[in-house]
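Input: a single structure, listed below in C-alpha cells.
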Amino acid sequence: MALVLSEEQQLLKDSAKNFCEQNAPVSVLRGLRDSKDEQGYDQGIWSQMIELGWAGMAIPEAYGGFDFGYGGLGVVLEETGKTLVSSPLIPTVLVGATAIAQLGNEAQKQVLLPKIVAGELLTALALDEHTSHNPSKIATTATKVDGGYSLNGSKTFVLDGHIANMLIVVARTSGETDSEQGISLFLVDANAEGLNIARTIMVDSRNSSNIQFKNVVVAEDALLGEKDQGFNGLDSVLDIARIGIAAEMLGSMQAVFESILEFLKQREQFGVLIGSFQGLQHRAAEMYSEIELCKSAVRAALAGLDEPDTTQAEIAVLASMTKAKLSEVFFLVSNEGIQMHGGIGMTDEFDIGFFIKRARVAQQFLGDSSFHRDRYATLNGF
Amino acid sequence: MQSQQAFRIETRAWLEQNCPKSMRTSMVQEEVVWGGRNAEFANPDSEIWLQRMAEKGWTCPTWPSEYGGGGLDKDQTIVLGEELARINARPALTSFGISMLGPVLLEYGNHQQKQEHIPKIVRGEIRWCQGYSEPGSGSDLASLSTKAELQGDNYLINGSKVWTSYADKADWIFCLVRTDFDVPKHSGISFILFDMTSVGISTKPIQLISGSSPFCETFFDDVKAPASNLVGRLNEGWTIAKRLLQHERTMISGFGLSAGQSDNGGTTSTISSLEGTAMHYRGDSKKLSDPVLRDQIARFKIDADAFAHTSKRSIEESKQGQGPNATSSMLKNYGCELNKRRYELMLQAIGSQGLGWEGEGFNDEELQLTREWLRSKANSIEGGTSEVQLNIIAKRVLGLPDILSLAQK
C-alpha cells in the first residue's frame, strides 16, 4: 500500500490546487451565500471542473470515465477542501457515481455514468431520516405496485437534493425499521409526482434539503442493486464516500492550520511575535502532529480503495478509522482556528468562520466520530 | 523489478534454511540479545541466529559491506524486512551500537574509527552505552560539564553521567564531554569514545518507581581516553550529538508502533490485546460491557492505526541514505504518548488485578503489567521530553520564532 502520492497523483494535485486558488477561492462561497444563490454552486466553475475531467475521475474508462481511481479523486477533494469549493463533486461524483458503478446493472451504468462524466446528470443520496446518521434505521417504504414500487416517507440532510436530476433513495421493501434486512435502493427522477423537495439553508452555505415522498411511483427497473439485500452494498458505497469526505476535511484543516501559522508569525503583542509564546507553540506542534496522522489515515484509506485485494471488511475498518479521526481533528483545528486568531477570528470578514461552519457539517455527514468509533469497535469484535 | 523479485526468492530460501525454529516466535524480554564481551544467550538458538545474520551483515542491512554491513539498497532492505516479518523472525541483535552510534559514526567518523568499531557492532562483539545526561543537564543537555582535558596523547576525563542505560553491562561508551569552558555552551562540546574497563570508571544502578532498572549513574575519575577516539572535530560534538538524538527518537517512537500492534507482540508484555483483555476480565463475550472504556479503547486503537500509517509513510518518504529528520520529534512524541495511553487503558482493563506489586494473588503477567505501566511514564522523558519535542517541532518544522534563542547563546 503506497502512502506517498504517485507522480501522476502529484501532478493532478498541483493542477487542482492551482485551479482552486485561481478560480474557486473562499470568496466564491462567500458570494453564493451573500447573494442567496438559488443553485448554491457556481455553474461556470462546475463546467470548468467537468472540462478538467474531475467528474469522471474514479469512473472506469468503459463508462466514459478516466479511471484515475479514488486516489485521484481524493487529491482533488483535498484541494477543493482547502478553498471550500461548493459544487456537485461530493453528492454526484463521490456518492452518486460510486453508487451506480458499484450497485448498478450494466444498462444503468451504460446510461448514467457517461452522463455524470459529461456533467449532464446531478444526483443526490436520500438516506438519513433522523438527526444523526444511522443507515440501517429506515422507515421510508417502497411497496410493490403494478409495474413497480410506490415510495412513502421522508428524508433529511439530503445534499444537493433541490438541484439533483435524480435521487438515489434508500427505502424499506421488507423487515423491521432498524433491520439491515429488507433495505433496497431506487433511482427516482427528481420531477416524479408526489415528491416534495424543500431546500434547507445550512450553516456551511452548501446545499441540503428535506424531502417527502407521497405515493411516488417508480418502475421496476428503478431498483438499484438487489431487492431487500441493499444494505451491504449501500454500506460499501458509504465507506467510499466517508473516505472521500475525509479527504476534503484533510484539505480544509490544512488550510486552517496554514492560516494559524501565518498569523502566529505576523501578529505582535507585548512587543514580540505571538508565535514565540510556548503556550501557543505547543498547541501548534500538537495540531501539526494530529494533521500528519490524518494525512496518513486518508492516504492509507484511499490506497486501500484502489488496491484490488482489499476486502470490504478491511475498507470498512479503514473508513471508520479515517472518518472518526478526521472528524475529531477537524473539530480541534477549527476551534483552535478561531481561538488562535483571537478577535479577528470571530469576524465574518475573515474566512476562518467558513471553515468551522463547514467542519461541523462534514463531521456529521455519514457518521460523526462517536458513530465511527462505535462501528470500529464492532468491526474489531469488541 | 526482476532483480528485486530474485532477491526476495533468494532471501526467503536463505531464511528458511538459516532461521532456527525457536527464533520464529515473538520475542520475550529475557531472550533479547544485546551482544558484547559478556554476551548472554538465554536461548542457545539465538547465538546461532546472530552468527548467521551477522555473517551476511543483516544485523545492519543498510550499512556498507566494506565495514561488515549488509550493503543493501532501500528496496532490498524493505524486502528483507518483509521476509523477516513474514516468518515472525526475532531481531538477531538489539543494541545502542546499531540504533544510535553506528549511523553517526558512519556519517562523522574517520576511516580508522569506522574500521575499528563498525564491524564489531554488526557482529555484536562490543556493547555500547550512551553518556549524555548529567545530574545538572537534563532537557538542557548542552549545559553538560563533564570535562575532558588533553594531556599528551590522551584526554583526561572527569565528571559524571546519569541515566546511562546498561552502563554496568556495556563494554564501551560514546560520551559527550566539555572540551572548552570559555565559549557558548554549544561550541565547547566534543564527542568521544572510550572503553568502560578503563581505570577510574565506576557505575551505580538506579532504582525506579517501577523497581530495578537498567539505568545507572556513571562516574569518571581521571579516566584516560586516547585522543584519536574523538569523533569529528574538537568542540564540534554538538552537531553529532543532535544527529544521534534523532536516531534515538526514531528508535523510541517504535514503542508507539508496538502499541499499535498489540495483537501480535512487539511489547515485552505477554498480555496482548487491550480489548481482549478488557473483555476477558469482565467476562464479556461479544461486546465490551463498559461503554466508556470501549470508546476509549476504540479511540486509542484508531490513533495507533493512524500512527502506524504515519511511521510507514515517513519511511517511504525518506530517500535512501537520508536519515531521520525533524519529523522524528513528532513520531517520538506521539509514539510515547500513545504507549503511555496504552498502559493506562490496560490498567483500567484489568482493574484491581493490575495493581499488585509482588507475591501471591497475582499472576506473573499481572505483576509485570504494574511495573511496565510505571516504567512507561519515562517514555515521554527519556530521549528528550515531550515538551522538548514540541519545541523542536515548533521551531524546525513550523518555523515559529524561537524565544529560547537568547537563552541558548
Side-chain angles (χ1 to χ4, degrees), chain A residues 1-5 257-258 260-262 264-266 268 272-278 280-301 303-304 317-318 320-329 369-370 372-382, chain B residues 263 273-279 284-289 291 293-318 327 329-335 337-338 386-387 389-405:
Chain A
M1 197 189 291
L3 295 169
V4 289
L5 299 179
F257 188 61
E258 259 174 50
I260 291 173
L261 279 186
E262 203 178 301
L264 292 179
K265 290 175 188 175
Q266 51 106 348
E268 283 189 21
V272 291
L273 292 171
I274 63 169
S276 65
F277 298 145
Q278 207 173 31
L280 297 182
Q281 286 189 345
H282 284 191
R283 277 155 63 189
E286 273 166 355
M287 260 190 281
Y288 161 79
S289 309
E290 293 291 357
I291 294 170
E292 285 298 304
L293 259 68
C294 285
K295 202 182 279 178
S296 314
V298 169
R299 297 262 191 279
V317 171
L318 281 169
S320 278
M321 184 266 290
T322 304
K323 184 62 175 34
K325 183 71 190 162
L326 272 281
S327 296
E328 234 177 67
V329 177
S369 59
S370 83
H372 283 292
R373 280 198 301 276
D374 174 65
R375 184 167 179 262
Y376 178 93
T378 305
L379 289 166
N380 279 291
F382 66 99
Chain B
D263 299 302
S273 127
L274 202 46
E275 63 277 18
T277 305
M279 287 165 78
D284 300 335
S285 57
K286 285 197 172 123
K287 185 173 173 175
L288 183 51
S289 55
L293 181 59
R294 180 171 179 266
D295 189 62
Q296 286 175 341
I297 291 177
R299 177 178 272 133
F300 167 80
K301 285 179 70 85
I302 284 169
D303 286 346
D305 279 0
F307 180 75
H309 288 306
T310 305
S311 299
K312 250 193 256 170
R313 181 163 66 88
S314 136
I315 293 166
E316 284 183 31
E317 279 171 358
S318 74
T327 57
S329 286
M330 189 270 280
L331 294 174
K332 194 273 175 185
N333 179 42
Y334 212 100
E337 295 299 332
L338 266 183
S386 285
E387 290 74 13
Q389 307 309 331
L390 294 174
N391 285 348
I392 294 173
I393 295 168
K395 192 168 125 187
R396 302 267 157 71
V397 184
L398 305 180
L400 291 171
D402 182 14
I403 205 159
L404 288 172
S405 60

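Just so it is clear: chains get the letters A, B, ... in the order the sequence lines come, proteins before strands, and each one is counted from 1. Hydrogens, waters and symmetry mates play no part in the numbers below; they use all other heavy atoms, side chains included. Every value quoted in this text rests on a predicted model; they were computed, and no experiment measured them.
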Test side chain to side chain contact (heavy atoms under 4.5 Å, CB included) on B/Glu317 and B/Thr327 and set out the steps.
CA-CA 11 Å; B/Glu317 279 171 358; B/Thr327 57; over 6 Å; no
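Minimum heavy-atom separation, A/Lys265 to B/Leu398: NZ-O, 2.8 Å. When every heavy atom of B/Ile302 is checked against every heavy atom of A/Met321, the shortest pair comes out as CG2-O, 3.6 Å.
Contact of A/Ala377 with chain B is made through backbone and side chain together, with heavy-atom distances under 4.5 Å. Heavy atoms of B/Asp284 lying under 4.5 Å from chain A are absent altogether. With a 4.5 Å cut-off on non-hydrogen atoms, A/Glu286 touches chain B through its backbone and its side chain both.
Annotation: maximal heavy-atom pairing with chain A below 4.5 Å, among B/Gln389, B/Arg299, B/Lys287, occurs at B/Arg299. In terms of non-hydrogen atom pairs under 4.5 Å with chain A, the most contact-rich of B/Met279, B/Glu387, B/Lys286, B/Arg294 is B/Arg294. Each of A/Phe277, A/Tyr288, A/Phe257 has some count of heavy-atom pairs under 4.5 Å with chain B, and the biggest count is that of A/Tyr288.
Taking the charged nitrogens against the carboxylate oxygens, B/Glu316 and B/Arg313 have no contact shorter than 4.0 Å, which rules out a salt bridge.
Under the 3.5 Å distance criterion, with hydrogens and angles disregarded, no donor-acceptor pair is assigned to the side chains of A/Ser327 and A/Ser369.
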